[in-house]
Amino acid sequence: MMDGSDSMLLEVNDLQMHYPVRSRSWFAKPDYVRAVDGVSFSIAKGETLGLIGESGCGKSSVGRSLLRLITPTAGKVRLEDVNILDLSKREMRDRRREMQIIFQDPFSSLDPRLTAEQIVSEPLVNFKVAKGRELSRRIEELFDQVGLQKQHLKRFPHEFSGGQRQRLGIARAMALNPRFVVCDEAVSALDVSVQAQIINLLMDLQEQLGLSYLFISHDLAVVEHISDRVAVMYLGKIVEIADCHSILQNPQHPYTQALVSAVPRRHPSQKKEKIILKGDLPSATNPPKGCRFHTRCPMAMERCSTVEPIIKRFSDDHAVACHLID
Amino acid sequence: MNALLPLIEVKNLKVTFHGRTGPVLAVDDLSFQVSPGETLAIVGESGCGKSATAMSLLRLIQPPIGRSEGGSILFGGKDLLQLEYEEMRAVRGREIAMIFQEPMSSLNPVLTIGRQLTETVRVHADASQETSRLRAIELLHLVGLPDPESQLRKYPYELSGGMRQRVMIAMALINKPSLLIADEPTTALDVTIQAQVLDLLSKLQEETGTSILLITHDLGVVAEIAKRVIVMYAGRKVEEATTIELFDNPQHPYTRGLMAAGPRLGSAMADVKKARLREISGTVPIMNGELVGCPFAERCENVLDQCRLAFPQDTQVTETHCVACFNPNGAT
Amino acid sequence: MSMISRIFGFCLRYPLVGISTLILLALLFVSLFAPFLWTVDPLQISPATRLRPPSLEHWFGTDALGRDIYSRVVYGTRTSLFIGFVVTLVSYAFGIAIGFLSAFNRFADTVLMRIIDGVMSIPSVLLAISLTALAEPGIWIVILAISIIEIPRVTRLVRGMSLALRDALFIEAAYASGTSTWRTLFRHILPNISAPMFVQASQICAQAMLIEATLSFIGAGVPPSNPTWGNIIAEGRSLYQIAPYMILFAAMALAITVLAMNLLADGLRDALDPKLNRGG
């Protein structure tokens, strides 16, 4: 889709993640939840790709697949020249130095029995990056980088506020100097004023360390703020991918249009034409035939229920999977 | 403020929780009123006391968790805080109903939707099996669930989050309450579903004339459906205004901070590197009763010496707009 | 000094833990220093002084063979505590290993859980009797028999809690940080399930002592020559109407120990609750 030039850090090709569902009887054919069903994108060095979609669209599964926290059923994930899905367990463990993740929930992503210092030192100890005095120096440096103080070192997670916990999670992710970080709803659980602090921190770190982010979120405003490009997911597929500006100003896919219009207005007197979608997300075990969105699409045509649209380039940096574009 | 008599009037409400290390002040000296048919939003961040306010209206905060320490809640000529248990129970669900953030945990997972709805109808209205079934279908129809009759046979887990929230709204509307308290009703929902539910709430209000007290952290939701807003910070009301006034002319530094902190949709320009967001530094103080003065002082840009000595009185900006701040305009 | 005051403060906050720990420490002292606690040889038969009621000379009286019951109860403490502790250790060693294995390996889980279900479906005392019947009677076979009964309970607990934790975000975070499976098990999972395990351990210890007494009582336990509380009670069984002191003291010792263990379990449940303030 995007040109595969050398500046690309990560390239994902036709990624699939089908979870088996326990079937009703021992003899029945197992069903699969098609959480991710053929997703391709690429992320350049220092770039942030936003991945947006509603709960159950498979965006988190994409993030976890890239780090092999879950094993995708098919596809390729190339970090520079290496397809990380081909690596052995041990080789993959080494690769974790380069790929990290920041989780959504700062309450359950930190071990309640460890101190802040122990939490941040874990990756450093795992890879024997530093020990003794060198280790403490590195931890203090990391604390400083994410805006935590020395006096926080010995505290337990429950003694921190939500924002501070998220800073701890970020320090842990940054400890090994990764090149690529998945932010899985990293600011969604935070209050607005704290959310702004964390977004700023993530953007500062990106600038200082030249990181690439996959920024997964359901919040269009946040994604727009931090991302260079945005991919919109619906029921396991990317329906539209473009630079930030085009997605917002010129959304092509009816689903993206609905998403953009559903964002609450900034001012009560602002007139906003809302596209209110009917119904709910269909089940990913048995997705609709044809275009997966046709059951809720206000512009569905006959063809949409039979032929699945392929993602096509709409303009220079803008691709859409919709029959309306032909 | 309004020629009509207020439907509910809260005066100097004070709520404390019993924390591990001593009492924590959740709501301090809060006064407001809701007129019939209006939507009032209470907006603030976690721990600001907005949910505690909502729950104390229904007297859901009881020892040993916490208690309402003072003030009064006048509703229909009675002070809710003085009612006997049985009298209060008659108010709950009948005159004041509440919907919660997480519709899954508010529904009984082992009973069908129909059973839960019809039982609530029968408890309150003493109706026959068939009448209550029809009423349940009517309610589900009202909240826009497709094919209500078959929904009655479903269990909560078979419904999506948005549908469960609709069922909760239907259940809250059974007795045609005069006040509906909605505590973060759309926070757990996706944007497109949030749009559906907000749309539903404002339509229902037009049809039934219920007043809505909306508790939310999201100024966007406020802009969508509220007529008036109260901004709370650390248990205190810091600003109150009509929604238009608040968005046009926010007075309190905290309100302004909140508005600036959220990323603005459509601010991205092609090929321009993003600006930093305006953040409010620091965190919310712990209200253990030791703090005098304005709780926002430590994080405030416009802080004066007097801010640390006493909590500022409400200042009227217009007839419908007041702010509790010594220095809203940033004089030094 | 500060250590002592901290322990003191802890006991004040959780009196159940304090009291039961004191009782258990006293019992441990008794069993360690049994020879120096004014005891005589618990096995020495003296037909001349049979069935004497408690007196200054024989504090708890003497039994049908003229043996000093006080000495027998004191020495019996050794056996009972030893069996309680060893059974707890053994069942935890195996229980944790099997529990982890079945929580993290689906195939092993299917097999192991069926075996465990099988063991749990046999009445525990029956199982112990048949095991002790198969071998030379002795203290180790009793320990083995009781451990086999207790292992499934530990396994169930460890497996259940590990399964709940396995999908916790901080475990996933540990994997993402390159933590090995072994390290994750012992650094993240074990500490987080330790509180209920301590609680259950004290229950298991008490249970083991009771089962030992039961086995000895029906003659399937430790050889009758060894003084254990169960044996003492068993021997006094036929004469308890004329010499109730033969059973009374051993039964009291057993009851107090089991009570202390159960109190400890209850107290630990509160003291180790992660929601309450820890660390100070």
Side-chain angles (χ1 to χ4, degrees), chain A residues 48 52-57 160-164 189-201 203-204 207 218-228 243-249 255 258-270 272 274-281 296, chain B residues 44-48 146 159-163 186 188-196 198-199 217-227 242-244 246-248 254 257-284 299:
Chain A
T48 303
I52 191 160
E54 298 181 283
S55 47
C57 74
F160 290 101
S161 70
Q164 287 173 318
L190 305 172
D191 278 322
V192 200
S193 67
V194 182
Q195 185 177 313
Q197 295 172 5
I198 300 296
I199 292 176
N200 285 341
L201 173 64
M203 291 172 72
D204 291 347
E207 211 174 286
H218 68 278
D219 187 337
L220 203 53
V222 170
V223 166
E224 185 220 2
H225 187 85
I226 199 166
S227 310
D228 302 300
D243 65 277
C244 235
H245 189 70
S246 324
I247 281 275
L248 285 157
Q249 303 305 324
Y255 178 63
L259 267 188
V260 173
S261 84
V263 173
R265 48 193 135 180
R266 292 290 303 192
H267 193 284
S269 54
Q270 181 185 356
K272 212 171 163 182
K274 284 228 157 135
I275 307 168
I276 294 200
L277 290 179
K278 286 203 193 85
D280 290 297
L281 202 69
R296 299 172 74 197
Chain B
E45 299 182 286
S46 43
C48 75
L159 302 178
S160 67
M163 287 160 91
T186 58
L189 307 176
D190 284 316
V191 242
T192 58
I193 310 294
Q194 165 170 303
Q196 291 176 354
L198 291 179
D199 190 49
H217 69 282
D218 188 344
L219 279 168
V221 172
V222 173
E224 287 292 330
I225 67 168
K227 299 219 177 58
T242 63
T243 312
I244 305 263
L246 190 88
F247 280 82
D248 276 343
Y254 175 64
L258 267 189
M259 287 187 180
R264 199 174 292 261
L265 197 68
S267 62
M269 292 291 142
D271 300 324
V272 176
K273 193 63 195 167
K274 311 284 162 56
R276 286 171 63 89
L277 288 170
R278 255 190 65 193
E279 50 186 74
I280 309 176
S281 61
T283 46
V284 183
R299 302 173 76 184

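In what follows, every heavy atom counts, from backbone to side chain, and hydrogens, waters and symmetry copies are set aside. Order of the sequence lines sets the chain letters (A, B, ...), proteins ahead of strands, with each chain counted from 1.
- Interface summary for chain B: among A:Ser161, A:Ala221, A:Gly162, the most heavy-atom pairs under 4.5 angstrom belong to A:Ala221.
- Between B:Val221 and A:Pro264 the shortest heavy-atom distance is N-CB, 4.0 Å.
- Only the side chain of A:Ile276 comes within contact range of chain B, judged by heavy atoms closer than 4.5 Å.
- Residue with the most contacts toward chain B among A:Gly163, A:Gly53, A:Ala196: A:Ala196 (heavy-atom pairs, distance under 4.5 Å).
- Taking A:Val192, A:Asn200, A:Leu190, A:Leu259 one by one and counting their heavy-atom pairs under 4.5 Å with chain B, the maximum is reached by A:Asn200.
- The contact between B:Ser46 and chain A is made by backbone and side chain atoms together, counting heavy-atom distances below 4.5 Å.
- Interface remark: A:Ser55 contributes backbone and side-chain atoms alike to the contact with chain B (heavy atom separation under 4.5 Å).
- Between A:Ile198 and B:Glu279, the closest side-chain pair of non-hydrogen atoms is not below 4.5 Å.
- When every heavy atom of B:Val191 is checked against every heavy atom of A:His218, the shortest pair comes out as CG2-O, 4.0 Å.
- Heavy atoms closer than 4.5 Å to chain B are found in the side chain of A:Ile199, but not in its backbone.
- At a threshold of 4.0 Å, the pair B:Glu224-A:Lys274 counts as salt-bridged, since one of the basic side-chain nitrogens sits closer than that to a carboxylate oxygen.
- For the atom pair CD1 of B:Ile193 and CD of A:Glu54, the computed distance is 6.0 Å after rounding to the nearest 0.5 Å.
- Across all their heavy atoms, A:Ser193 and B:Ala261 have their closest contact at CA-CB, 4.1 Å.
- Of the two parts of A:Asp204, only the side chain, counted from C-beta on, holds a non-hydrogen atom closer than 4.5 Å to a non-hydrogen atom of chain B.
- Only the side chain of B:Arg299 comes within less than 4.5 Å of a heavy atom in chain A; its backbone stays farther off.
- Summarising the geometry, atom CG belonging to A:Asp191 is positioned 8.5 Å from atom CG belonging to B:Leu258; distances are rounded to the nearest 0.5 Å.
- Using a distance-only test at 3.5 Å, with no hydrogens or angles considered, no donor-acceptor pair links the side chain of A:Gln195 to the main chain of B:Gly262.
- Interatomic distance, NE2 of A:His267 versus OG1 of B:Thr243, reported as 9.5 Å (0.5 Å rounding).
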